[in-house]
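Remarks on the structure that follows.
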Amino acid sequence: GGVIIFLFHEFWPAANARLSRKVLLLHCAVCVVKFSFHFRCRTVVKKRLVKLVVNFLFYFRTDEEEPIGALLLEQCRVEREDSQTFSIAFLDEAERKYLFECDSEEQCGEWVDSIIKASYEFMRKNLIFYRTEIHRLTGKDPLEQYGISDETRFQVSNGLQLMSRDTSSL
Amino acid sequence: MKLNERSVAHYATCDSPPDKTGFLFKKGERNTAYHRRWFVLKGNMLFYFEERDSREPIGVIVLEGCTVELCESAEEFAFAIKFDCAKARVYKMAAENQAAMESWVKALSRASFDYMRLVVKELERQLEEIQEAAGGSLVGAGVGGPQGRPKSSRRNQVARSRSGASSSSSSSSSMSSSSSSAPPMSGSLSGQRSLQDEVQLISGCSKENGVAWSKPPAALANGFVEGASSRAPPVPPRRRGASLESPVSPGTGCFSKLHDWYGREVEELRVQWLQSQ
């Protein structure tokens with residue numbers, strides 16, 4: 001099928017300018033483990049610089065300014081693997097995990113937390129919750145004053161119901 | 001530069017709700033005619049497909065730090081997506097009528113991650129104020145957990161008891177329908193919990209893992225504990241619908257990104273990637 005080529009060079013200078021507050025800059029060892037159905041396991045460990053910018057995780061060779069790759073952090077699952085390691089797996093390819101080893105337990109926790117929050121879908125859910133809750137408590141829709149209460153993305157049920165998920169598999 | 005293309009394409013076509021869809025004419029880069037494409041806006045990503053029923057997008061534009069403006073064009077109902085970089089390509093688009101044009105311009109100018117983040121922070125702040133003002137008199141109004149942020153509140157709804165998939169990072173479980181149904185609350189267990197238990201759950205989970213939706217409920221709660229974040233100033237999101245030319249939102253830096261799809265085999269890229277490791 002088709003493939004996106006992410007033309008990045010325009011993005012980066014601007015992203016650099018915004019590093020101060022919004023980007024976590026950590027040295028992580030990146031270990032990529034590929035699981036296959038045959039249980040062949042190929043492990044490659046590389047040390048990479050990792051930068052989180054909005055919902056993208058960029059990675060660099062440690063001595064280079066330009067990233068070599070990026071991961072869009074939507075539709076993914078972030079898990080703590082052990083005290084210093086976390087993983088990212090994408091839902092369409094769940095058998096494959098990107099592993100990240102951090103320098104400390106605390107750092108690992110920060111990364112997991114940040115990556116969880118670095119998704120548009122996550123923010124959307126939060127927003128819907130806050131909106132619903134504020135409405136419940138005050139009878140007012142907080143988005144009305146901003147004139148955005150009709151936007152599709154802010155709707156409580158986009159054809160989706162506030163219903164319980166199937167917990168039986170857990 | 002590499003990207004997790006397959007997962008990006010998956011995001012485009014999965015069942016998470018798009019923010020806007022429709023036909024637009026897009027001016028080509030090499031062939032400067034306008035081509036009619038099917039557009040799908042999800043979050044800060046604007047995907048476009050050759051046909052409405054195409055299985056995969058042919059391109060995506062990342063809408064960070066762009067401005068969306070009306071532009072002069074031989075085409076009617078034309079507008080442009082511009083980035084703040086001299087080298088960046090300008091995406092010229094045209095809608096099929098005035099209403100569609102206005103609607104798209106509005107949607108695209110507000111599609112950035114930062115805009116969403118501002119809105120969320122603003123509502124978060126409002127909710128806190130409401131909860132603090134109500135004090136303890138509101139039953140279950142909030143949990144003043146160790147992080148000092150009354151985030152979650154009790155609800156009778158069953159939705160509350162099912163944390164899981166929906167609280168985890170950007171997940172849309174393949175088992176269940178798209179994720180936005182349940183609120184991002186920490187109280188993930190079914191049945192009743194005391195507020196105190198909830199506090200424990202929230203703080204405990206925030207330290208640990210908290211995200212794998214396939215794990216047992218206790219591990220799933222996450223989302224809510226933004227203990228780390230300090231309060232953002234309450235900047236209301238840009239809303240003046242009349243100014244179609246307005247930049248995205250105050251404080252947004254300008255990112256410029258260009259994306260084009262090329263027809264290459266995914267497998268080929270994977271091989272390359274593996275070889276480079």
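First the proteins, then the strands, lettered A, B, ... as listed; each starts at 1. Atoms considered below: every heavy atom in the structure, side chains included; atoms not considered: hydrogens, waters and symmetry mates.
- Under the 4.5 Å side-chain criterion, counting only non-hydrogen atoms from C-beta, M116(B) is in contact with F154(A).
- The contact between I68(A) and chain B is made entirely by backbone atoms, counting heavy-atom distances below 4.5 Å.
- Neither the backbone nor the side chain of I88(A) comes within less than 4.5 Å of any heavy atom in chain B.
- Between I130(B) and I134(A) the shortest heavy-atom distance is CD1-CG2, 3.8 Å.
- If you take CD on Q145(A) and CD on Q126(B), they are separated by 5.5 Å, rounding to the nearest 0.5 Å.
- Side chains of L72(A) and M45(B) form a contact here, defined as non-hydrogen atoms less than 4.5 Å apart.
- In this structure, SG in C14(B) is found 7.0 Å from CD in E121(A), a value given to the nearest 0.5 Å.
- Nearest approach of M123(A) to V120(B), heavy atoms of both residues: O-CG2, 3.5 Å.
- Rounding to the nearest 0.5 angstrom, the gap separating the CZ atom in R125(B) from the OH atom in Y130(A) is 12.5 Å.
- Heavy atoms only, all atoms of each residue included: Q75(A) and H10(B) are closest at OE1-NE2, 3.9 Å.
- Shown here for Y120(A) and A111(B), the closest heavy-atom pair between the two residues is CE1-O, 3.5 Å.
- The nearest pair of heavy atoms linking P17(B) to R124(A) is O-NH2, 3.7 Å.
- The only member of D92(A), L71(A), L57(A) that meets side chain to side chain contact (heavy atoms under 4.5 Å, CB included) when paired with N4(B) is L71(A).
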**Q.** Chi angles and distances behind the side chain to side chain contact (heavy atoms under 4.5 Å, CB included) call for N126(A), L123(B)
**A.** CA-CA 9 Å; N126(A) 270 280; L123(B) 292 198; over 6 Å; no
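- Considering CG of L73(A) and CZ of F113(B), their distance stands at 8.5 Å, rounded to 0.5 Å.
- Listed here is the closest heavy atom pair of L127(A) and V119(B): CD1-CG1, 3.2 Å.
- Note: Q155(A) CD to D19(B) CG = 10.5 Å, rounded to the nearest 0.5 Å.
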